[in-house]
Amino acid sequence: MRPRESYRRVFASLKRHHKWFSESIPLIASENIPSPAVREAVASDFGNRYAEGWPGERVYAGCTYIDEVEEECMALARRLFKAGFADVRPISGVVANLAVYSAFSDPGDVMVAPSIPAGGHISHGKKEHSGTAGLVHGLDVEFYPFDAEEMSIDVDKTRKKVDALAKEGRAPRIAMLGGSLFLFPHPVRELAPFLKGHGAHVNYDAAHVAGLVAGGLFQRPLAEGADTMTLSTHKTLFGPQGGLVLGSKEHAEPLKKATFPGLTSSHHVNNMAAKAVAFAEALEFGKKYAAKVVSNARTLAGALASEGFRVLGERRGYTESHQVAVDVTRISDGGSIEAQLEKANIIVNRQLIPGDIRAGRNYLRPGGIRLGVSEVTRLGMGAGEMREIASLIWGVAAGGMDPARAARRAREMRKGFQRARFCFEGSRGAYEYVRMR
Ligand SMILES: *Cc1c(COP(=O)(O)O)cnc(C)c1O
């Protein structure tokens, strides 16, 4: 193929993607749609610059305005999360976690973290699963005991397990809380003093729930006893793809060194500016947004249960976050349902759920699907739309509805929801393709 033809095809695919997403029901729990203001910052010349080091102490010239924005960005982050220290340079949630591992542990140390079916993330994982903690930093990962009825970490069993590890001389140096399948707050208050008593540094991974925490919901990890908090800036928080690490002033020096020169050279300076924009939006609109997200998730969960699905966390009202987890083992498997729903323009992800590994299921055909309502909430959807989405999902997954018919209904439904809400300004459509050539 001629280069010009490849070039043309890239843009054709990009445009088709934009159109598809403008006609779909986007329910990936780790995704969101940023404001036009965030997209503008991402497209700026900051993205072509280096700003190694700290504002005022850069390694290169040309950083005058970058420094202004980065100071503002750090101040906004500290205010949004009520933290004494923020490093806005980690380029992703994984890199933020690695900064904490590097700053507060050495290879060979033990870390306790949730397993993947219990909500853990690959960045918390063991070396034999190619998890970041084990593979990249050499941590020896132990999993928390998990209570599948409560859908949370089992506090009593954790105390026993950590006491036993300490007796063997393997007390954890890092305790990771937070996760990817994350319906209910983790027992930070209950466990942090105990874990610290064993010498652990307690980090709370708020990658998923950062937008809720910023809005004053879910939990307040730093106030509840976590030493540091890491997060992604693009999940419930509606910023650009990126990461952030927060703590108190005493954590500043080791974290700064871990981020640079340890883990970044370019820190994607355009995305740093876009983070500042998103933090300002979250300070202004975050409370209303977070409340709407959680109420939509509860409505969707209840509606899915009424349709006939087995929704996890039933005993506790299904969810207190943006997520809904559904056990689909009575119907088929998460992989097949994910594929069926995609044909219906309903975008979800298959999900390992507690009990899957014991039952011999793996990530290709796990027992669950996970749904997140951040993006549809950002578009302005409410309870009525949640019930309609639940009925479409049931129809396609279990009721024999033709996916093409469901896709037409999804497209119809999306007609009234084409702009990002909870932002200062912006007349562009949320999924509008902006041509610069
Ligand atoms: C998504 C996620 C991450 C990784 O974030 P990226 O920004 O994609 O690198 C880390 N931890 C948890 C719990 C996550 O869900």
Side-chain angles (χ1 to χ4, degrees), residues 27-32 34 38 42 77 87-102 111-126 129-137 139 141 143-144 146 151-153 174-186 188 202-214 218-219 221 226 228-246 258-259 263-264 266-268 271-272 274-275 278 319 321-325 348-353 363 368 370-372 374-375:
L27 297 172
I28 302 287
S30 52
E31 294 178 357
N32 212 327
V38 164
V42 168
D87 191 332
V88 298
R89 296 171 300 174
I91 58 168
S92 70
V94 168
V95 168
N97 283 341
L98 261 175
V100 165
Y101 303 155
S102 310
M111 171 168 90
V112 271
S115 72
I116 291 202
H121 183 255
I122 45 166
S123 60
H124 311 163
K126 291 175 189 263
H129 304 141
S130 304
T132 311
L135 188 72
V136 182
H137 194 59
L139 289 174
V141 180
F143 296 135
Y144 290 108
F146 193 76
M151 284 303 285
S152 193
I153 291 166
I174 305 245
M176 178 65 85
L177 293 158
S180 297
L181 172 63
F182 204 5
L183 301 172
F184 303 104
H186 273 173
V188 181
V202 179
N203 182 71
Y204 184 96
D205 183 341
H208 263 272
V209 296
L212 306 180
V213 171
F218 203 64
Q219 66 189 131
T228 51
M229 181 161 86
T230 48
L231 55 93
S232 303
T233 49
H234 51 270
K235 296 186 181 179
T236 49
L237 195 57
F238 35 58
Q241 289 196 328
L244 175 64
V245 57
L246 299 137
T259 303
L263 287 159
T264 58
S266 154
H267 61 281
H268 302 185
N271 284 7
M272 180 280 292
K275 287 174 195 176
T319 183
S321 75
H322 60 304
Q323 299 186 2
V324 179
V348 310
N349 69 272
R350 62 186 186 274
Q351 177 71 43
L352 280 168
I353 55 175
Y363 76 98
R370 185 187 66 174
L371 316 169
S374 323
E375 189 163 347

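In listed order, ligands and their atoms are each counted from 1.
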Point to revise | Contact check, G243 vs ligand 1, heavy-atom distance below 4.0 Å | key: no
Exercise for review: Give the ring-plane orientation class for H186 versus F182, where under 30° counts as parallel, over 60° as perpendicular and anything between as tilted.
Suggested key: tilted
Study note, to complete from the structure: Heavy-atom proximity to atom 1 (C) of ligand 1, picking from K235, H234, H121, points to K235
Practice item. Begin from the C-alpha positions of H208 and S180 and carry the test side chain to side chain contact (heavy atoms under 4.5 Å, CB included) through to its verdict. Key: CA-CA 6 Å; H208 263 272; S180 297; 4.2 Å; yes
Revision key, fill the gap. The atoms of ligand 1 lying under 4.0 Å from a heavy atom of H208, numbered in the order shown, are 15 (O)
Check your understanding: Would you call G179 a ligand 1 contact, heavy-atom distance under 4.0 Å?
Key -> yes
Check your understanding: What part of S123 sits under 4.0 Å from ligand 1 if we count only heavy atoms: the side chain, the backbone, both or neither?
Key -> side chain
Practice item. Evaluate the criterion side chain to side chain contact (heavy atoms under 4.5 Å, CB included) for residue pair Q241 and S92; output intermediate values, then yes/no. Key: CA-CA 7 Å; Q241 289 196 328; S92 70; over 6 Å; no
Check your understanding: Nearest protein heavy atom to atom 11 (N) of ligand 1, by residue and atom, and its distance?
Key -> D205 OD2, 2.6 Å
Review point. Mind checking whether G93 has an N or O less than 3.5 Å away from an N or O of ligand 1?
Key: yes
Practice item. Quick one: look up the protein heavy atom nearest atom 9 (O) of ligand 1 and list residue, atom name and how far away it is. Key: V94 N, 2.9 Å
Study note, to complete from the structure: A student checking ligand 1 against S232 at a 4.0 Å heavy-atom cut-off should list atoms 4 (C), 5 (O), 6 (P), 7 (O)
Review point. Would you say the side chains of D205 and H121 form a donor-acceptor pair under 3.5 Å?
Key: no
Practice item. Would you kindly specify which portion of S180 sits under 4.0 Å from ligand 1, judged on non-hydrogen atoms: side chain, backbone, both or neither? Key: both
Practice item. Check the pair I91, N271 against side chain to side chain contact (heavy atoms under 4.5 Å, CB included), reporting the backbone distance first and the verdict last. Key: CA-CA 8 Å; I91 58 168; N271 284 7; over 6 Å; no
Exercise for review: Give the C-alpha distance, both sets of side-chain angles, the deciding distance and a yes or no for side chain to side chain contact (heavy atoms under 4.5 Å, CB included) between H129 and V141.
Suggested key: CA-CA 11 Å; H129 304 141; V141 180; over 6 Å; no
Check your understanding: If you round to the nearest 0.5 Å, how far is OG of S30 from NE2 of H234?
Key -> 6.5 Å
